[in-house]
Amino acid sequence: MLKALKRDYVSHSAISTYQQCPLRYYFRYVANLPEELTSSALVFGSGIHRAAELHFEALLAGNDAPSLDELMEVYQSIWDQRQDEPIRFGKNETQQSLHELAKRMLTTFQASELAKPTGEILGIEEELRGPVIEGCPDLLARVDLILATQDELQVIDLKTSRSRWKSGQAENQAEQLLLYSELAKEMASGKKLRLRFAVISKTKTPTLEMHDVSIHPDRVERTKRVVQRVWKSIQQGSFYPSPSPMACPSCAYQQACRDWQG
Amino acid sequence: MLKINIGHNRKIGEPNYGSRGASVHFEVEVDHGLVEQPQALRQKIRELFVQAQAAVREELHGPETNGTQRPATNGHQQPATNGHQRPQRMATSSQVRAIHAIANRQRTNLSELLQELGIGRLEELSIGSASELIDRLKSTQSVGGDAC
């Protein structure tokens, strides 16, 4: 329990984990249990992110954009790093089928406007940290891409998604970017802050679509209050299972959950 | 004679979404023979940019000593503010990595560069100064060609 209290930062990912299942949070962040299985979606997403990171790093350093082969090389390197881990694949899914999907998605990425930003790249996988929520430790964020245009500072989070996002989906998932905005606003220097999700679909013909999130001060405050409440529950040691037919099948702590006796 | 035109301008944010800016332009005549000496030409251009940046920085922030007056942050944490002045955000780690990458590619002596800028580490640059340095290094690359 002490480890939970000793954490000197809080991330959106940790808060979201607690919201999905407090016991899962406990296994991951307090008990530090190794994951029983790694989801293929997690490795796949890391590979796509790493490829995009390489692309933007090259642009920032004044190099030519990497070729598809170079992007696929870093995508594959993420799988290679995990080769000794037990990976759980989805139905009708293999590493080879995901490899082909990654190729299609990265081709789509390369052709997208996102891959040719008109603004100035300020941050790639940039770690931002600061005390933005009263009563909580520092908020820690890893922002996929920070762009400065003449009038805007854009904070962009890259998502891979099973299907294209429906209208309103970005607003439903806005909390992450709203929290990031609290850290990024100091970089804005008077420019308008713009929060955006870049969503690449894992479909036969992938698409990359940009979805904006509106910033309402009330909603930012509400999000901060939610984090405050969650943090308070964590500090109080309120950990319990939250069974869900959607989340449990892909949970990395299924055995630990069955063994847990409270 | 060869003419070199150097321009540098910068705008910084002010409280209540205001801003103020400063710009400086040099036109300098140098020996035409420099065209035949790409390294020397690049060095001259770099020196002029450093002069221009220093002048603009001084105009906006007042005279600098050795850069140690900047707020002590690691570039990731938000520096403390008094509620009246917008803090000078330090360079992002991506910018610092990019400067290292460009400098390595161009075989630029980083120690000399830091000395020119009057700082001990790239992390002491502000976000704006880091952007300017990246642009400058990239433009030097396109003027003189890649050293590698």
Side-chain angles (χ1 to χ4, degrees), chain A residues 8-11 49 52-64 66 117 119-133 137-156 179-193, chain B residues 10-21 60 71 73-81 83 85-106 108 125-143 145-148:
Chain A
D8 65 348
Y9 64 89
V10 63
S11 66
H49 269 79
E53 188 183 343
L54 178 81
H55 174 90
F56 291 120
E57 278 175 350
L59 297 190
L60 178 57
N63 292 328
D64 290 338
E120 181 187 356
I121 296 171
L122 295 184
I124 305 151
E125 291 286 326
E126 191 68 31
E127 204 171 87
L128 304 179
R129 180 175 175 155
V132 300
I133 305 169
D138 282 358
L139 177 68
L140 181 74
R142 189 176 285 273
V143 183
D144 290 336
L145 184 63
I146 304 173
L147 285 180
T149 66
Q150 201 170 356
D151 311 311
E152 295 176 338
L153 185 85
Q154 296 189 13
V155 174
I156 299 171
L179 287 173
Y180 290 4
S181 74
E182 287 293 283
L183 292 166
K185 65 184 180 188
E186 292 295 348
M187 295 170 76
S189 293
K191 290 181 181 179
K192 184 188 166 199
L193 201 57
Chain B
R10 190 163 174 227
K11 196 183 262 191
I12 58 170
E14 293 275 272
N16 301 319
Y17 300 96
S19 66
R20 64 194 167 94
L60 291 171
T73 73
N74 63 4
H76 305 302
Q77 300 208 16
Q78 294 177 348
T81 72
Q85 197 173 3
R86 197 176 286 273
Q88 181 87 310
R89 182 101 200 177
M90 295 293 109
T92 65
S93 53
S94 310
Q95 288 179 310
V96 171
R97 284 198 305 272
I99 293 168
H100 276 290
I102 303 170
N104 279 341
R105 193 174 62 232
Q106 296 183 348
T108 300
L125 289 169
S126 69
I127 226 169
S129 302
S131 290
E132 287 159 8
L133 181 57
I134 289 169
D135 287 346
R136 196 186 98 198
L137 290 171
K138 284 182 187 172
S139 65
T140 307
Q141 175 181 305
S142 52
V143 169
D146 208 323
C148 293

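The basis for the numbers below is simple: all heavy atoms, side chains too, and nothing from hydrogens, waters or symmetry mates. Quick note on labels: first sequence line is chain A, next is B, and so on, each numbered from 1.
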Return all side-chain donor-acceptor pairs below 3.5 angstrom for residues 52-62 of chain A, not counting sequence neighbours, or 'none' if the list is empty.
{"from": "A/His55", "atom 1": "NE2", "to": "A/Ala115", "atom 2": "O", "distance (Å)": "2.8"}

First locate atom CG of A/Leu128, then atom CZ of B/Arg89, and finally report the distance between them rounded to the nearest 0.5 Å.
-> 5.5 Å

Can you name the closest pair of heavy atoms from A/Ile124 and B/Arg97 and give their distance?
-> O-NH2, 3.6 Å

Side-chain (A/Glu126) to main-chain (B/Ser94) donor-acceptor, under 3.5 angstrom | yes

Close side-chain approach of A/Met187 to B/Thr92, heavy-atom, < 4.5 Å = yes

Report the C-alpha separation of A/Asn63 and B/Arg105 in whole Å, then their side-chain angles, then the decisive distance to 0.1 Å, and conclude whether the side chain to side chain contact (heavy atoms under 4.5 Å, CB included) test is met.
-> CA-CA 10 Å; A/Asn63 292 328; B/Arg105 193 174 62 232; 2.4 Å; yes

